Amino acid sequence: MARSEIVALILAGGQGSRLGVLTKYLAKPAVPFGSRYRIIDFALSNCANSGLETVGVLTQYQPLALNTYIGNGHPWDLDRNKGGTYILPPYQSSERSDWYKGTANAIFQNVEFIEDQDPRYVLILSGDHIYKMDYAGMLKTHIEQKADATIAVFEVPWEEASRFGIMNTDKQGRIVEFEEKPEKPRSNLASMGIYIFNWPVLRAELSCDEEDAHSDHDFGKNIIPKMLSADMRLIAYHFTGYWKDVGTIGSLWEANMDLLDRPEAINLRDRNWRIYSRNPVKPAHYIADSARVVNSAMTDGCNVSGQVEHSVLFNSVTVEKGAVVRDSILMPGVRVEAGARLNKCIVSFGTIIGKNVKAGADVEGECRYSNTRFCQDGITVFERGLKIRDGAVVPGNCMVEFLEPDTIVEAHFRV
Amino acid sequence: MFINAMGLILADHKRIQLGELSRPRALAAIPFAGRYRIIDFMLSNMVNSGITCVGVLAQQKYKSLMDHLGTGSSWDLDRKKQGLSLLPPYINSLNLDSSDNDNLSGLLDFIRANRFRNVVIANSNVIFNATLNDYVSRHEDSGADISVLFNRDGFKSGPPAIMLGMDRKGSIKDVMINPHKPVSNRRSAGVVILSREILIDLLNDNAARGDSDFSVESLLRRYMELRICGIEYKGTLLRINDIPTYFSSTMSLLEEKTRRELFWAGLPVYTKVKDEAPALYGPLNQVSNSFISDGCVINGSLADSMVFRGVTISAHAKVSNSIIMQDVYISEGVELDHVILDKNCVIRPGIKLVGQKDFPVVIGKGAIV
């Protein structure tokens with residue numbers, strides 16, 4: 001096979017358990033984001049826009065939606081004769097059959113795939129961050145600095161630094177120390193989980209790590225510290241721009257709202273760096289006479305007759321006359337029936353909010369679906385394919401899923 | 001789903017011109033309904049019927065059509081076997097210097113090379129959303145040489161109106177263009193079905209006579225020698241014959257019934273994907289009864305209008321009863337009523353443009369007003 005300079009591997013196997021019912025049937029990278037995208041569109045589009053030709057996507061948890069979504073990579077121009085998109089699930093072989101045990105082990109299990117591509121460099125990405133980044137620029141730094149590995153870092157506010165993996169660097173940008181969630185951080189450079197390795201170096205490190213029975217087989221916890229202790233040349237690549245980990249209900253909601261409150265931060269309208277996505281094939285959206293839409297984003301196939309304020313609507317959402325939707329995220333195919341009021345709600349695929357339902361942050365109290373572990377600040381989440389009973393009242397901080405028909409949930413259907 | 005037919009779309013029509021809108025492009029490539037070109041509807045009808053081989057006969061100004069169709073991948077027509085073929089005039093060393101371009105040789109080659117039993121030929125001025133399988137079966141069952149789809153619109157939507165006189169068995173006995181005294185309200189929908197064999201004979205016949213005119217109408221005119229039958233199309237069908245009908249057809253999409261039948265009857269309408277950002281509504285807008293596409297930024301007021309992809313409507317602008325095509329920029333304080341703006345127009349601050357329902361103001365591609 002023809003040699004590729006660099007191969008990208010996107011770690012897309014994680015469950016994203018903190019997203020609760022949103023990731024019940026699909027992996028976190030396949031979660032809808034920003035009216036017409038899925039989270040993984042950002043990593044895939046960055047790859048395409050950076051000129052990468054070979055992208056492997058490592059899947060494990062609930063891969064159906066993600067596999068179907070990525071397909072042959074056509075929407076991202078990654079359907080190639082040379083290179084292209086490869087879905088890489090865990091597999092059985094005559095010697096072993098294993099799930100991916102950690103980020104490093106996932107790559108280790110695909111050594112043969114990488115060997116076939118015969119690259120000089122390997123780019124490791126995670127499929128669950130929202131950002132635009134030119135990986136070609138990072139590769140240039142990596143080559144110029146003659147690094148063994150280059151790690152993208154992002155300046156986080158000092159007070160938040162103790163929540164991240166922090167890189168301490170010298171004046172030349174060489175990483176001297178890595179601290180996972182330090183109590184007293186000495187730098188505010190957080191690792192973004194984006195790595196470029198020289199392939200021979202990585203291959204050796206992965207084999208070595210695999211032998212170590214005590215290892216968690218994780219890049220951040222094992223591979224990077226070990227390379228540092230072996231005095232290898234690890235370089236920090238400074239990223240400036242919008243970057244958001246959308247691993248929690250709160251951060252997913254915030255990142256969506258960022259598109260409305262400061263659209264220039266990630267600028268989805270940049271025609272030199274488009275974010276591609278699979279198209280739903282729906283007509284332009286329709287705003288009726290009775291509608292009022294302010295500070296909102298929406299896309300093809302929506303049909304709005306009610307009031308939509310400060311909300312993100314995905315394709316084919318219907319908001320009926322007299323319904324009021326505020327500070328909410330309505331995923332593809334959701335229907336909000338007449339007179340319903342939603343406030344700070346995230347509603348997953350195809351769920352029908354019945355007539356005169358009142359749900360979200362401005363409803364006080366608790367119910368069987370209250371879930372303050374995942375839902376805070378009044379955000380209420382609805383599982384996909386629910387029919388919420390007409391007139392139901394759902395308080396904030398709820399995670400509504402189908403258990404059995406009750407006073408809130410009327411039925412559950414396949415979407 | 002399985003259908004033994006190939007498709008042929010005629011991208012131009014001699015009798016149909018849309019002024020500024022058709023100046024830079026073929027009729028088939030005129031933008032329509034927010035995110036489509038006219039041809040998308042017929043192409044999607046064919047693809048939704050299971051047709052895997054479609055020729056697009058283009059006579060002139062086909063650059064925009066080529067850009068739009070590309071390899072045909074948006075319609076799943078990028079295939080090893082058959083797929084989409086653009087059939088431009090056939091220029092060879094014999095007619096290189098003459099104005100007499102051979103329009104039919106390429107077409108004949110295309111029809112000969114693809115062995116399907118039937119050919120569905122469609123004009124580019126009709127818009128409907130339906131599968132064609134049932135009509136092809138009815139054509140085969142009837143034993144007719146040619147079947148033509150018609151509806152009962154009569155003179156509605158203006159000339160050119162091809163009116164059909166039919167006997168009780170449904171055979172065409174008369175074909176008239178814009179007759180003063182129509183014999184019925186049956187009007188050709190510009191879609192015919194015939195066997196590939198008969199089409200090859202007719203094309204050879206045309207070529208032998210030096211007749212390079214190939215159109216649905218030229219086929220219908222043969223009603224004396226061939227058995228041509230009418231099949232009624234009962235669904236919603238829009239015709240685009242000139243600027244006023246382009247305007248009224250677009251506006252009819254704002255009616256729920258038309259919208260439902262054209263877009264939400266279960267058959268997708270495919271088009272080239274642009275990967276625009278989602279449409280963004282600002283704090284001050286006022287939008288009613290309008291279609292808006294991806295990539296738009298809406299800060300002004302908008303009523304009873306069709307807005308294509310990537311349009312900006314600035315604060316304090318007022319747009320009503322208008323069609324705003326791709327990437328138009330409407331500055332602050334602009335007022336537009338009954339206006340059609342072609343792609344890439346820029347309207348400077350404070351400009352007012354007012355047309356009338358039957359005479360909308362049309363501004364050509366890329367104008368700065």
Side-chain angles (χ1 to χ4, degrees), chain A residues 33-37 41 45 48-49 72 74-77 79 256 259-261 263-264 266-271 273-305 308-316 318, chain B residues 32-36 40-41 44 48 71 73-76 78 129 253-256 259-260 262-264 267-299 302-312 327:
Chain A
F33 175 82
S35 180
R36 50 169 297 152
Y37 309 101
D41 283 334
S45 301
N49 287 323
N72 66 351
H74 180 75
W76 305 270
D77 271 350
D79 54 331
N256 273 283
L259 298 180
L260 307 176
D261 301 336
E264 68 292 343
I266 183 134
N267 189 13
L268 296 172
R269 328 191 84 76
D270 180 358
R271 292 196 168 174
W273 205 273
R274 279 186 205 265
I275 303 302
Y276 303 105
S277 61
R278 194 169 280 280
N279 194 276
V281 193
K282 298 289 175 201
H285 65 268
Y286 176 74
I287 309 286
D289 269 336
S290 52
R292 171 127 183 82
V293 183
V294 286
N295 288 331
S296 295
M298 71 178 77
T299 185
D300 295 339
C302 290
N303 207 325
V304 178
S305 309
V308 176
E309 281 174 34
H310 201 247
S311 295
V312 175
L313 274 55
F314 287 75
N315 82 77
S316 314
T318 304
Chain B
F32 185 74
R35 54 194 298 276
Y36 304 98
D40 291 339
F41 291 84
S44 300
N48 288 333
T71 59
S73 68
S74 301
W75 300 267
D76 278 341
D78 54 332
N129 184 353
L253 293 172
L254 298 174
E255 292 156 24
E256 204 203 330
R259 204 162 67 230
R260 204 174 53 231
L262 227 42
F263 293 125
W264 295 101
L267 299 169
V269 185
Y270 298 96
T271 189
K272 185 178 169 188
V273 172
K274 296 273 191 203
D275 291 288
E276 292 284 354
L280 208 53
Y281 291 79
L284 288 173
N285 75 85
Q286 209 161 12
V287 178
S288 67
N289 192 36
S290 295
F291 268 102
I292 295 104
S293 309
D294 276 349
C296 289
V297 180
I298 311 288
N299 285 314
L302 184 65
D304 310 307
S305 294
M306 172 68 70
V307 182
F308 286 67
R309 293 184 276 205
V311 169
T312 303
D327 292 333

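These numbers come from a predicted model, not from an experiment.
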> Can you check side-chain contact (heavy atoms from CB on, under 4.5 Å) on Leu280(B) and Leu268(A), steps first, answer last?
Replying inline: CA-CA 11 Å; Leu280(B) 208 53; Leu268(A) 296 172; over 6 Å; no
> Do Arg269(A) and Glu276(B) have side-chain heavy atoms sitting under 4.5 Å apart?
Replying inline: no
> What part of Arg259(B) is in contact with chain A, defined as an atom under 4.5 angstrom from a non-hydrogen atom: side chain, backbone, both or neither?
Replying inline: side chain
>> Just verifying a value: how many Å separate Ser288(B) OG and Arg292(A) CZ, rounded to the nearest 0.5 Å?
In response: 11.0 Å
>> For chain B, which candidate among Pro263(A), Ser35(A), Gly34(A), Ala284(A) shows the most heavy-atom pairs at distances under 4.5 Å?
In response: Ala284(A)
> For Asp289(A), is it the side chain, the backbone, both or neither that has a heavy atom under 4.5 Å from a heavy atom of chain B?
Replying inline: both
> Going by heavy atoms in the side chains, are Tyr286(A) and Leu253(B) under 4.5 Å from each other?
Replying inline: no
> What part of His74(A) lies closer than 4.5 angstrom to a heavy atom of chain B: side chain, backbone, both or neither?
Replying inline: side chain
> Is there side-chain contact between Lys282(A) and Phe263(B), with heavy atoms separated by less than 4.5 Å?
Replying inline: no
> Can you check whether Ile287(A) reaches Tyr281(B) side chain to side chain, under 4.5 Å on heavy atoms?
Replying inline: yes
> For the candidates Cys296(B), Gly310(B), Ser290(B), which exhibits the highest count of non-hydrogen atom pairs separated by less than 4.5 Å from chain A?
Replying inline: Ser290(B)
>> Under a 4.5 Å cutoff for heavy-atom pairs, which residue among Gly34(B), Ala33(B), Gly295(B), Ser74(B) has the most contacts with chain A?
In response: Gly295(B)
> What are the two closest non-hydrogen atoms of Arg36(A) and Ala277(B), and how far apart are they?
Replying inline: CD-C, 4.0 Å
>> Quick check: do Pro283(B) and Asn295(A) have side-chain heavy atoms less than 4.5 Å from each other?
In response: yes
> Can you tell me if Asp275(B) uses its side chain to pair, donor with acceptor, with the backbone of Ser277(A) under 3.5 Å?
Replying inline: yes
> Heavy-atom distance under 4.5 Å to chain A: side chain of Phe308(B), backbone, both or neither?
Replying inline: neither
>> For the CD atom on Glu309(A), are there more than 12 heavy atoms of other groups (residues, nucleotides or ligands in this structure) within a distance under 6.0 Å?
In response: yes
> When only pairs under 4.5 Å are counted, which of Thr299(A), Leu313(A), Asp300(A), Val281(A) shares the most heavy-atom pairs with chain B?
Replying inline: Asp300(A)
> Any side-chain heavy atom of Pro283(A) within less than 4.5 Å of one from Val269(B)?
Replying inline: no
> Is any side-chain heavy atom of Val293(A) less than 4.5 Å from a side-chain heavy atom of Ile298(B)?
Replying inline: no
> Quick one: do Arg271(A) and Asp327(B) make a salt bridge, cutoff under 4.0 Å?
Replying inline: yes
>> Does any part of the side chain of Pro278(B), heavy atoms only, come nearer than 4.5 Å to the side chain of Met298(A), both counted from C-beta?
In response: no
> Is the side chain of Arg274(A) donor-acceptor paired with the backbone N or O of Lys274(B) at a distance under 3.5 Å, no angle test?
Replying inline: yes
> Counting heavy-atom pairs under 4.5 Å to chain B, which of Ser45(A), Pro75(A), Gly301(A) comes out on top?
Replying inline: Gly301(A)
>> Does any backbone or side-chain atom of Leu262(B) lie under 4.5 Å from a heavy atom of chain A? Answer side chain, backbone, both or neither.
In response: neither
>> Heavy-atom cut-off 4.5 Å, strictly under: side chain, backbone, both or neither for Phe314(A) against chain B?
In response: neither
